[in-house]
Amino acid sequence: MISCREMQGLIQRFPSFENSFIGLEYAPRLPGAMVRETRELVAYARKFNEKVVRPNSLALDRLTHENPGYLPHDLMKTIADWGLYTMWVPKIFGGKGKNLPSAAAFMEELSSACVGIANVMGVTYLGLTSLLTSFNMRLTSRVLRDVIEGERSGRPRLIDFAITEPIAGTDAEDMDLVDRGRVITRAEKVNGGYLVNGRKVFISMGHVSEWTVFYAYTDLKKPSQTMIGLVVKNSARGFSVGRHEDKMGQRVCPASEIIFEDCFIPDDQVLIDGERIRKFTRKTPAEVMMRHIDLLASSSKAGVCAIGTGVARGALEDALKFASTTEVRGRLLINHQWAQGMLAEMYKNVVLGRLAYQEANYANCSRGVYDMLQMKPVFYYLKLMPPSYFRMLEPMLNGDLATWAMSKMYLDLKKQENIDCCAGMSALAKVAGTDIGMKNCQLAMDLMGEAGLRQANGMEKRLRDAKLLQIYEGSNQMNRLITFKGLIAPSVPQARVFEQ
């Protein structure tokens, strides 16, 4: 067993190993009300599962096989009735303002019943996070207030997020790799805005969202230097949705092709570009875009780990129920030692997956995009002030001062080592959570035998759902390299990443 002195020596040699103690570092600063709020939200998720998800998940999966073009409008309306599309919208923008890390615990709970339904709710928060991490307060306020009005009126107005391109794949999702990908979505600067041509693919909820946050390039030969963020409404001229992917899993959450044909994006819908960056920060556009994408991914990948953990837990629960009610050789399966070993392995995976996304969120809370919101004075201030107070602050969000202050704090002044730590921890969590989700489904199928293949038992659906998790939000192969880049390479000066 390693001694304390040996551990100190190891940390001195490899400073990035300090990142193994993020939870210990952050715990004293954790607001107590944040813990209570998260428990209440998990209880609400369980109620939603019992009332909505479990009674409908298998029927909806069958329906999508019978009708591959099915779109979940009724399900979206139900989710809006439960208030879930505005649950994590910050109060300053008119939402309910629940603590953002709690969304991961909520997604774990929903995903233990059905990943597809969980993502019909959760994908809009990926769009929300891309807005928040741009720190364009005027445009963020405009879009989020429309989302809130949609939920209030019973006609959900969602936000999707579009970065993946037809022949660029994972390369389009990382600023270190995008120059090697063949991106095709070009934004040409014209009088009053940008004219966009190109396509995005595998865009979750693209067929049914009101708003799309997407990324384009002013020079396709230099995408890392010319990447910009834009926002478009689905009613805009030149914007359309194309193919609806016939996916293996998570079928109730549509994956869409989005097409831009001379689509004009006015200046007031430019989320982040070189002109805005030069106005509000000292860094180059390429540096700022890399920080923006890293902050966005650090939040979203922790959430994908939570989804994978939920799948792993659901597989364990199904396997445990099966083992408790099925006899093999005259005794219950759960009383065979080999089955107990498999169930213990599955339980271990669930615990480790949960620890992984919690640790990634601790990093986001102490060093990343959540750090200011989770400071105790700010957290209680936002929690205790009435909605009427935040409505009075709306004019402030429409000025440049709020955007300048937030851009300065996160895109200009935040230490690069903190951004690297959050990116590395979230990539690690994404790999860990999604791999254990797949592993537990495979173990459950082995334990259940031919019963696991029956659609009515739900296990084969879990397996189909789980596989997709290893691919989106960057493939797990790429996320292993991001883990190396953020957590290991800083301690090894001779290390180079993404050079081959």
Side-chain angles (χ1 to χ4, degrees), residues 18-42 45 87-90 97-112 118 121-123 125-126 128-130 132-133 293-313 350-376 378-379 382-383 410 414 417-437 469 473-474 479 482-483 486-487:
E18 293 178 0
N19 296 331
S20 300
F21 301 95
I22 291 173
L24 190 62
E25 168 195 309
Y26 177 66
R29 290 182 273 161
L30 183 68
M34 182 175 162
V35 178
R36 293 190 293 274
E37 183 174 86
T38 301
R39 285 177 174 162
E40 291 168 359
L41 286 166
V42 169
M87 189 71 75
W88 291 274
V89 174
K98 303 302 182 183
N99 74 86
L100 291 171
S102 69
F106 197 95
M107 288 298 287
E108 180 198 327
E109 196 64 39
L110 262 56
S111 299
S112 70
M121 185 279 288
V123 162
Y125 288 100
L126 180 57
L128 176 147
T129 305
S130 62
L132 293 178
T133 54
I293 295 297
D294 280 346
L295 289 169
L296 163 62
S298 295
S299 171
S300 65
K301 288 175 184 177
V304 177
C305 175
I307 294 172
T309 303
V311 175
R313 204 186 91 206
V350 173
V351 172
L352 293 180
R354 187 174 295 142
L355 289 173
Y357 78 71
Q358 288 175 342
E359 194 73 359
N361 273 334
Y362 287 151
N364 287 325
C365 287
S366 62
R367 308 182 190 188
V369 69
Y370 301 152
D371 60 353
M372 187 176 72
L373 288 173
Q374 306 317 139
M375 293 171 58
K376 286 182 180 178
V378 175
F379 176 85
L382 293 173
K383 185 174 180 62
Y410 285 96
K414 185 167 283 293
E417 55 263 36
N418 287 338
I419 294 177
D420 289 343
C421 169
C422 293
M425 287 300 302
S426 296
L428 182 156
K430 193 271 179 182
V431 172
T434 58
D435 279 355
I436 66 103
L469 297 173
E473 289 299 296
N479 277 295
I482 295 173
T483 300
L487 301 180

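Just so you know, these numbers use all the heavy atoms, side chains as well, and skip hydrogens, waters and symmetry mates. Bear in mind that the values here come from a model prediction, so they are computed numbers and not experimental data.
Side chains of M34 and K383 form no contact here, defined as non-hydrogen atoms less than 4.5 Å apart. In this structure, L30 and V35 have side chains that are in contact, with non-hydrogen atoms separated by less than 4.5 Å. Within the 4.5 Å cutoff, side-chain heavy atoms of M87 are placed close to those of Y125. Taking the side chain as every heavy atom from C-beta outward, L132 and Y370 never approach each other to under 4.5 Å. Between L487 and L428, the closest side-chain pair of non-hydrogen atoms falls below 4.5 Å. Side chains of L100 and S299 form no contact here, defined as non-hydrogen atoms less than 4.5 Å apart.
Between P28 and E25 the shortest heavy-atom distance is CD-O, 3.5 Å. Listed here is the closest heavy atom pair of L296 and S130: CD1-N, 3.6 Å. Contact record, N361 with A104: ND2-CB, 3.6 Å, taken as the closest heavy-atom pair.
Once rounded to the nearest 0.5 Å, the distance linking OG of S366 with CZ of R29 reads 5.5 Å. With rounding to the nearest 0.5 Å, the separation of CG in N99 from OG in S102 is 3.5 Å. To the nearest 0.5 Å, atoms CE (M372) and CZ (F379) are separated by 14.0 Å. A distance of 16.0 Å separates CE in M425 from NZ in K430, rounded to the nearest 0.5 Å. In this structure, CG on N364 lies 11.0 Å from CD on E359, to the nearest 0.5 angstrom. Here CG of L110 is found 7.5 Å from OG of S112. Values are rounded to the nearest 0.5 Å.
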Applying side-chain contact (heavy atoms from CB on, under 4.5 Å), run through C421 and I22 and close with a yes or a no.
CA-CA 10 Å; C421 169; I22 291 173; 3.6 Å; yes
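Applying the side chain to side chain donor-acceptor pair (under 3.5 Å) criterion to E473, with sequence neighbours excluded, gives S300. For Y26, the ring pair (Phe, Tyr, Trp, His ring centres under 6.0 Å) criterion is met by Y362, not counting sequence neighbours.
Comment: R367 does not engage E417 in a salt bridge, judged by the lack of any side-chain N to carboxylate O separation of less than 4.0 angstrom. Ion pairing between a basic and an acidic side chain is recognised when a charged N comes within 4.0 Å of a carboxylate O; E40 and K98 show no such pairing.
The backbone N or O of A423 sits nowhere less than 3.5 Å from a side-chain atom of S426 that would complete a donor-acceptor pair. For the pair Q374 (side chain) and P31 (backbone), a donor-acceptor distance under 3.5 Å is absent.
In this model, a donor atom of one side chain and an acceptor atom of the other lie less than 3.5 Å apart for Y410 and D371.
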Name each donor-acceptor pair under 3.5 Å that joins a side chain in residues 301-311 to protein atoms two or more places apart or in another chain, with its distance.
unit_1: K301; atom_1: NZ; unit_2: N479; atom_2: OD1; d: 2.8
unit_1: T309; atom_1: OG1; unit_2: C305; atom_2: O; d: 2.9
unit_1: T309; atom_1: OG1; unit_2: G353; atom_2: O; d: 3.4

